[in-house]
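Below, all heavy atoms of this structure are taken into account, side chains as well, without hydrogens, waters or symmetry copies.
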Amino acid sequence: MGLDKLKKYTLLAFLMIVPFCLSSAVMDPARTLRLIILFFYLITGLGLIFYQNSQTRNGSIDRNKILRNPTFLFLGSFCLAELILLPRSIVLSTGVYVVLQDFALLAFIILIMDIVLDSNTNKILIFKTITTTSLLVGAIGLLQYSNLAFTDIPGFKGWNIFHSTMVNKNIFSISLMLSFPFSLGLIILEYGFWRVVATASLFISLVCIVISGTRSVWLGVALMFLSIILLNGVRNKYINNKQGLFTPSLVQTACFVLLPSLVLSFFIAQQLKPENDIIGRVASLIAIEGETISNRILLWQNTLEIIWNNMLFGIGSGNWAYSTAGLGSDQFLSSSGILMYQRPHNDFLWISSENGLIVGAFYLLAFVTCFLSGYKTLIGKSLRDDERITIILMLSTLAAFMCVSLFSFPKERVYVNVLLGLIIAMILAAATKHSVSLIRLPILSIKSVLVVLLLTSVCGAGFFGLRFLGEKNIKKMLIARQAGDWKSVISHANNSQKFMCPIDHTSTPVSWYKGIAYFGLENLNRAMVEFEMAYGINPNNPQVLNNLATTYQLAGNTPMALELYQKAVNLAPHFQDALLNLTTLYCEQGRYSEASKF
């Protein structure tokens, strides 16, 4: 088998496998495991390109041209800046996690561009693979929703089981949305069997998206189809097509796929789950009201305050969950002290708050330059019609992704990043092929970049392998805590810390769990030490504050206990444990008027 075929089939195998890889041994069944698989694929794919580039001086493509699109200048600068600012992370392993995942996206785009530029056949095979996987993922989701099968797949068990293999329904619907250009591409460009498969995939995906009630994805899909219509009008203008904005393929797709999908999805949702009030969610979106929306507005306001106070360098990768909690509000769902927000539900604000406005601008400009490169390619004169259609679909989906990023956190999820990487690579491959938007970067060569990315991929595979072991111990620790097995809690907590997991999936320090365990074993001094360590990591966690205050109170340090109880109540005004402890302490001191306030 030749190297080109090996690269192609390795990619297709990876794309078929990764959306179905899950593990119930960890709290997040997908993220770390899929990153391990992604990095092993990157090692294989980048290694093949490096070997191929070393063996052939004049291949079918000039690989150095790949790096000459300005998108790589901004995306590379974004990754490099994150790496430079890494020491600002409170928990270094969390910062490393974020930086390695972003480097993986950069490496994946370069790898896909190389494969797509090799042959147009490779592009069609990618379309068919993604269409097939989205059909399977969507079908699994519908079977879950109807309680017919796959209800035991690990994932978030919220208001209902409807996440397919994507852990939660929001990521499920985002991944289906990002598969649209591949299904639509086959509907327009292919005939026979694959057109039927693509139509079924698009139909099921639309039904799942409507049922999911994910309003950010609804907005993204609406923007996507609007962009397709507008860009199609641009295409027709530049090829002197008299059909205007609408072509037969678009009209057929709208009549036979989109409209029936919307009608059927409402029917299925109301028949199987009457409590799933889709119409109500549409109304709340139009009126901009509802508890979730109001909480996100508060999150954005607090995040903007963080950005204002840390414009240049941000607060450090992975630190948002620690900093925004310190801004406390009784309007937050987190006011109970139990739920702690992990992200601001806006990727652009998230990045800017953690790494500064300059790094946030790098990330945004990577998307803007990619879109402009695709648009300039679209209006060129040398494109084949199938290339124009591909660019229209990919640009429209890129716009949809940016829309969703304003209301959610798709950047965090691995399979979403894989689909995003494919979309960006398709756009940039077309721009590179037709020499559009290329700039001169004489310092960089594909060989040196491949070496750096290969080394990063090896480090990533090792890091996430160890991290997975740490996360397994985190879950064992949580199970032991529920059982009251304090010695096992301590043992698993120690192991998780050894494997670079000093916090759990809610950003609660593992030291806090050890403190609870030592407290349960009546070892007050050791419990205090662990709670102090937890406080050093996350000083704005109400539960950490409450438990540390309790140990201080029992040790006779009443002033410090009182200060920490008050801080916990200020952060979480409805946190019952802290309110009770503070009230009790006031009563013990005879301060009844102050105690009556709570």
What pair of heavy atoms forms the shortest contact from [X] to [Y], and how long is it?
X	Y	value
Leu186	Ala198	CB-CB, 3.6 Å
Leu231	Ser396	CD1-OG, 3.7 Å
Phe39	Leu100	CZ-O, 3.3 Å
Ile204	Ala139	CG2-N, 3.8 Å
Leu117	Ala429	CD2-O, 3.3 Å
Phe371	Ala399	CE1-CB, 4.4 Å

With a cut-off of 6.0 Å (strictly less than), are more than 12 heavy atoms of other residues, nucleotides or ligands near [atom1] of [X]?
X	atom1	value
Lys8	NZ	yes
Leu469	CG	yes
Phe313	CZ	no

Once rounded to the nearest 0.5 Å, what's the spacing between atom [atom1] of [X] and atom [atom2] of [Y]?
X	Y	atom1	atom2	result
Ile174	Leu420	CD1	CG	11.5 Å
Ile126	Ile115	CD1	CD1	6.5 Å
Ser496	Ile474	OG	CD1	4.0 Å
Ser173	Met166	OG	CE	11.0 Å

Within the 4.5 Å heavy-atom criterion, are [X] and [Y] side-chain neighbours or not?
X	Y	value
Met113	Ile424	no
Asn346	Ser405	no
Leu422	Phe108	yes
Phe72	Ile66	yes
Phe468	Leu35	no
Lys411	Ile351	yes

For this session: Quick one: do Val510 and Ile503 satisfy side-chain contact (heavy atoms from CB on, under 4.5 Å)? Show the steps, please.
Result: CA-CA 5 Å; Val510 168; Ile503 59 172; 5.6 Å; no
Without hydrogens or angle criteria, can the side chains of [X] and [Y] be said to hold a donor-acceptor pair below 3.5 Å?
X	Y	answer
Glu471	Thr32	yes
Thr303	Trp350	no
Thr214	Ser212	yes
Ser134	Ser201	yes
Ser408	Asn170	no
Gln342	Ser507	yes
Lys123	Thr390	yes
Lys7	Gln52	yes
Thr44	Thr10	no

Exercise. Would His163 and Ile171 count as a side-chain contact (heavy atoms from CB on, under 4.5 Å) if you check the C-alpha gap in whole Å, the side-chain angles of each, and the deciding distance to 0.1 Å?
Worked result: CA-CA 8 Å; His163 51 73; Ile171 304 303; over 6 Å; no
Problem set entry | Arg413 bridged to Asp28 by N-O distance under 4.0 Å |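 Yes, Arg413 and Asp28 are salt-bridged.
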Problem set entry | Lys433 bridged to Glu387 by N-O distance under 4.0 Å |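 A salt bridge is present here (some side-chain N lies under 4.0 Å from a carboxylate O).
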Exercise. Phe225 vs Phe180 aromatic rings, parallel, tilted or perpendicular, using cut-offs 30° and 60°?
Worked result: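 Ring orientation, 0 to 90° scale: tilted.
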Centres of the [X] and [Y] rings: under 6.0 Å?
X	Y	value
Phe362	Phe78	no
Tyr97	Phe464	yes
Phe409	His345	yes
Phe14	Phe40	no

For this session: Taking salt bridge (Lys or Arg N to Asp or Glu O under 4.0 Å) as the test, write out the residues that go with Lys476, two or more places apart.
Result: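 In terms of salt bridge (Lys or Arg N to Asp or Glu O under 4.0 Å), with neighbours along the sequence ignored, Lys476 is linked to no residue.
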Problem set entry | side-chain contact (heavy atoms from CB on, under 4.5 Å) between Val416 and Leu178, worked out | CA-CA 8 Å; Val416 169; Leu178 294 180; 3.6 Å; yes
For this session: Report the C-alpha separation of Arg31 and Glu412 in whole Å, then their side-chain angles, then the decisive distance to 0.1 Å, and conclude whether the salt bridge (charged side-chain N to carboxylate O under 4.0 Å, His left out) test is met.
Result: CA-CA 9 Å; Arg31 191 180 179 192; Glu412 183 185 74; 3.7 Å; yes
For this session: Please report the C-alpha distance between Lys498 and Asn473 in whole Å, then the side-chain angles of each, then the deciding distance to 0.1 Å, and finally whether the side-chain contact (heavy atoms from CB on, under 4.5 Å) criterion is met.
Result: CA-CA 10 Å; Lys498 290 178 185 177; Asn473 277 283; over 6 Å; no
For this session: Carefully, step by step, assess Ser317 and Ser89 under the rule side chain to side chain donor-acceptor pair (under 3.5 Å).
Result: CA-CA 5 Å; Ser317 289; Ser89 297; 4.6 Å; no
